[in-house]
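First the proteins, then the strands, lettered A, B, ... as listed; each starts at 1. All heavy atoms count here, side chains included; hydrogens, waters and symmetry mates do not.
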Amino acid sequence: MKKAKEKRSNAIWSVILGILSILYMYPIVMILFNSLKDERAISTNTAFQLPTAETFAGLANYVNAINAQGFLKSLGYSLFITVTSVAAILLFCAMCSWYITRVKTKFAQGLYFLFAFSMVVPFQMVMFTLSQTADMLDLNTPWNIWVIYLGFGAGLAVFMFAGFMKSIPLEVEEASMIDGCNPIQTFFMIVMPMLKPTMVSVGILEAMWVWNDYLLPTLVLDIKKYRTIPMLIQYFRGSYGRVEMGPMMACIMLTVIPIVIVYLAGQKHIIKGVAAGAVKG
Amino acid sequence: MEKAVKKYSPIFVLPTLLAFTIGFIVPFFEGLYLSFCQFTTVKNAKWVGISNYTRVFADEAFLHSFGFTVKYAVVAIVLINVIALGLALLLTRNIKGTNIFRTVFFMPNLIGGIVLGYIWQILINCVLALVGQPLLALNSQAGYWGIIILTAWQQIGYMMIIYIAGLQNVPEDLIEAAQIDGATQWETFWKVKLPMIMSSITVCVFLTLTNSFKLFDQNLALTGGEPNHLTEMLALNIYQTFYARAGLQWKGLGQAKAVLFCLLVVVISFAQLKATRSKEVQQ
């Protein structure tokens, strides 16, 4: 009796959530439809209509976005910056965290506190001085901006790595040292493999941040030469004059589609990573 | 073992420490110092004492942006957490399609603030035009609700995932025991589940709170502070003070605002963490 009632209410909820998910996806679907329309047909009155035979422009807007607006170049910069930054953060922060958790000095503790503190500090506090420092040290190209990302992203990474390392038994590492490994061998052959799940979580969280970051690259990179994807989208709207809506919406879709593909492919890891990061955060 | 690790400390610590010094420590303390100076670049700073700070409190646009941020934060935190928790409760009940729903609700999170801002700007402007209201650039009320809807849309999925993880950790036998004792679903939620997921609530409230105060990309893209700085939040106001105007007086003012902003975020974070941690149930 009770079971049947629960079944029925679950079915009703299933329908309600289904409708809600469709609504949830609507903003993106709307941009998708409009990005396929002819530039002249995009107006506020017809925005909610599907493309028709007359207004359908095929992939013209996409071709425009890729050719005229330099989308592929931006994609390349964004990819390069994200990959180098995340790789640097994973390697160096894992090493640093191991030192912090295994060595009990005032210096290590102080460092840990500073890293944790840097997580809370808003970017606006350091944005001006950071961009000037970056200029001074010539860290203002896509090829070496990862140094800045390593510095500003270290807080979260060290916090999560250290949290996990405190829970792994010391005996394993001690055994490898007794067997004649030096600390470097111990770290790369014993500790690193154990860190894998945390690496995935940290990597996902940091990649989400670097990929979508707008303000830091805007202030550090020369916008005339290098534009990451968020910079490109903002540049579309930020520049004066009439905005070409068609190519802009195509650009938005070109940004969203790879994210959706990566998400659907690695969904399990991404959701797990977020949950793991939050428990410690 | 500690000794051996110490011997290798340069290799382990230096790369991160160096980058951290460049990326955080130096800019942070330099920023602190510059907030007491007048300057246009780091090199021409001239000490002016606390005059930057006194001018912050006379800056009406800044005070308004503070009020606007608080007004936004209160509504956003409640809305996001209540809806996220509601969805999490539904998605832990073995409803058909749970996996698809979870996938859909989480998706907006991965899309960056700038892109989301423009997606919603297009959508909201179309709706406003359809009902004959002024567009976002002239409509601060719509801008306010627009930012709330946009950030709720983005963050609900994230918080939902954290709540789901929390709810899945509530021991099954505890819920069964409550049901055998005759507790209704409502009572099970309030008296068993809710106290058990207090740590998830801490995390989510903490995250939404700091996200709300630090909000920048979405604000810049959706309204850009229009009309007339009325929808400008703290982070955007600081950015505009730095970069939208030329002149000797602005950078110092901006840096002083940034220091106060930083202090505010740090204090809120710690106070909030302390307040909810004390309510958590020890497991």
Quiz item: Between B/F270, B/F29, B/F261, B/F105, which has the largest tally of heavy atom pairs under 4.5 Å with chain A?
Solution: B/F105
Exercise. Check whether B/L18 gets within reach of chain A through its side chain, its backbone, both or neither, counting any heavy atom under 4.5 Å.
Key: neither
Quiz prompt | Side chains of A/N212 and B/D217 in contact at under 4.5 Å (non-hydrogen atoms) | solution = no
Quiz item: How about B/L14: does its CG atom have over 12 heavy atoms from other parts shown lying under 6.0 Å from it?
Solution: yes
Practice problem: Heavy atoms only, distances under 4.5 angstrom: which of B/V265, B/V13, B/I156, B/L90 has the most pairs with chain A? Name it, please. | Solution: B/L90
Exercise. Mind running side chain to side chain contact (heavy atoms under 4.5 Å, CB included) on B/Y243 and A/F128 for me, showing each step along the way?
Key: CA-CA 9 Å; B/Y243 296 104; A/F128 180 75; 3.7 Å; yes
Quiz item: Closest heavy-atom contact between A/T133 and B/P27?
Solution: OG1-CG, 4.3 Å
Quiz item: So, for A/F123 and B/F216, is the gap between ring centers shorter than 6.0 Å?
Solution: no
Quiz item: Can you name the nearest heavy-atom pair linking B/A19 to A/V147, along with the distance?
Solution: CB-O, 3.5 Å
Exercise. Look at B/S269, B/A235, B/G224 and state which one has the largest set of heavy-atom pairs under 4.5 Å with chain A.
Key: B/A235
Exercise. Identify the heavy atoms of B/F20 and A/L114 that sit nearest to each other, and give their distance.
Key: CZ-O, 3.8 Å
Practice problem: Counting only heavy atoms closer than 4.5 Å, note whether A/M231 contacts chain B via side chain, backbone, both or neither. | Solution: neither
Practice problem: Applying side chain to side chain donor-acceptor pair (under 3.5 Å), name anything that partners A/S176, two or more places apart in sequence or on another chain. | Solution: A/T186
Quiz prompt | Toward chain A, the part of B/K257 with a non-hydrogen atom under 4.5 Å | solution = neither
Quiz item: Contact part of A/Q267 toward chain B, heavy-atom cut-off under 4.5 Å: side chain, backbone, both or neither?
Solution: side chain
Quiz item: At a heavy-atom separation under 4.5 Å, does A/L17 approach chain B through its side chain, its backbone, both, or neither?
Solution: both
Quiz item: Is it the side chain or the backbone of A/M125 that comes within 4.5 Å of chain B heavy atoms, both, or neither?
Solution: both
Quiz item: If you look at every heavy atom in A/V121 and B/K214, which pair is closest and at what distance?
Solution: O-NZ, 4.1 Å
Practice problem: Below 4.5 Å from any heavy atom of chain B, which atoms of A/I229 appear? Answer side chain, backbone, both or neither. | Solution: neither
Quiz item: Are B/Y118 and A/I31 close enough that some pair of their side-chain heavy atoms sits under 4.5 Å apart?
Solution: no
Practice problem: State whether the side chain of A/N10 and the backbone N or O of B/K96 hold a donor-acceptor pair below 3.5 Å, judged by distance alone. | Solution: no
Practice problem: Starting from the C-alpha separation in whole Å, work towards a yes-or-no answer on side chain to side chain contact (heavy atoms under 4.5 Å, CB included) for B/Y33 and A/T129. | Solution: CA-CA 10 Å; B/Y33 165 72; A/T129 41; over 6 Å; no
Practice problem: Test side chain to side chain contact (heavy atoms under 4.5 Å, CB included) on B/I238 and A/M127 and set out the steps. | Solution: CA-CA 10 Å; B/I238 293 168; A/M127 68 176 175; 4.1 Å; yes
Exercise. Please report the shortest heavy-atom distance between B/F12 and A/P183, naming the atom on each side.
Key: CZ-O, 3.8 Å
Quiz item: Taking the side chain from B/T16 and the backbone from A/F92, do they hold a donor-acceptor pair closer than 3.5 Å?
Solution: yes
Quiz item: How many angstroms lie between atom CD1 of B/I162 and atom CD1 of A/I271, to the nearest 0.5 angstrom?
Solution: 12.0 Å
Quiz item: Heavy-atom count around A/Q185 CD within 6.0 Å, excluding the residue itself: above 12?
Solution: yes
Exercise. Measure B/L34 against the heavy atoms of chain A and call it side chain, backbone, both or neither at under 4.5 Å.
Key: side chain
Self-check item: Options B/T210, B/L263, B/I119, B/L87, ranked by heavy-atom pairs under 4.5 Å with chain A, top entry
Solution: B/I119
Quiz item: Is it the case that more than 12 heavy atoms not belonging to A/K104 sit under 6.0 Å from its NZ atom?
Solution: yes
Self-check item: Between CD1 on residue A/I148 and CD1 on residue B/I22, distance to nearest 0.5 Å
Solution: 7.0 Å
Exercise. Pick one of side chain, backbone, both or neither for A/I100, based on which atoms fall under 4.5 Å of a heavy atom in chain B.
Key: neither
Quiz prompt | When A/W146, A/F115, A/W209 are compared by non-hydrogen pairs under 4.5 Å with chain B, the top option | solution = A/F115
Quiz item: Using a cut-off of under 4.5 Å for heavy-atom pairs, which of A/L137, A/V158, A/I184, A/T105 has the most such pairs with chain B?
Solution: A/I184
Self-check item: B/M107 and A/M25, any side-chain heavy atoms less than 4.5 Å apart
Solution: yes
Exercise. Please determine, among B/L234, B/L91, B/T98, B/I161, the option with the most heavy-atom pairs under 4.5 Å with chain A.
Key: B/I161
Quiz item: Which region of A/S97, side chain (C-beta onward) or backbone (N, CA, C, O), has a non-hydrogen atom less than 4.5 Å from a non-hydrogen atom of chain B, or is it both or neither?
Solution: neither
Self-check item: A/W211 vs B/L110 side-chain heavy atoms within contact, under 4.5 Å
Solution: no
Practice problem: Let me know if B/L260 has heavy atoms under 4.5 Å from chain A in its side chain, its backbone, both or neither. | Solution: neither
Practice problem: Write down the atom of A/Y24, the atom of B/A152, and the distance for their closest heavy-atom approach. | Solution: OH-O, 4.0 Å
Quiz item: Between B/S9 and chain A, which part of the residue has a heavy atom less than 4.5 Å away: side chain, backbone, both or neither?
Solution: both
Practice problem: Please step through side chain to side chain contact (heavy atoms under 4.5 Å, CB included) for the pair A/M30 and B/I122, ending with a clear verdict. | Solution: CA-CA 9 Å; A/M30 176 195 164; B/I122 295 168; 4.1 Å; yes
Quiz item: What part of A/L111 lies closer than 4.5 angstrom to a heavy atom of chain B: side chain, backbone, both or neither?
Solution: side chain
Quiz item: If you count heavy-atom pairs under 4.5 Å with chain A, which of B/F213, B/W153, B/Y239 comes out on top?
Solution: B/W153
Quiz item: Checking heavy atoms, do the side chain of A/Y149, its backbone, both or neither come under 4.5 Å from chain B?
Solution: neither
Quiz item: Is A/F117 close to B/F28 at the side-chain level, that is, under 4.5 Å between some pair of heavy atoms?
Solution: yes
Exercise answer: donor-acceptor pairs, residues 250-264 of chain A side-chain atoms, under 3.5 Å, sequence neighbours excluded:
{"residue": "A/T255", "atom": "OG1", "partner": "A/C251", "partner atom": "O", "Å": "2.7"}
{"residue": "A/Y263", "atom": "OH", "partner": "B/T103", "partner atom": "O", "Å": "2.8"}

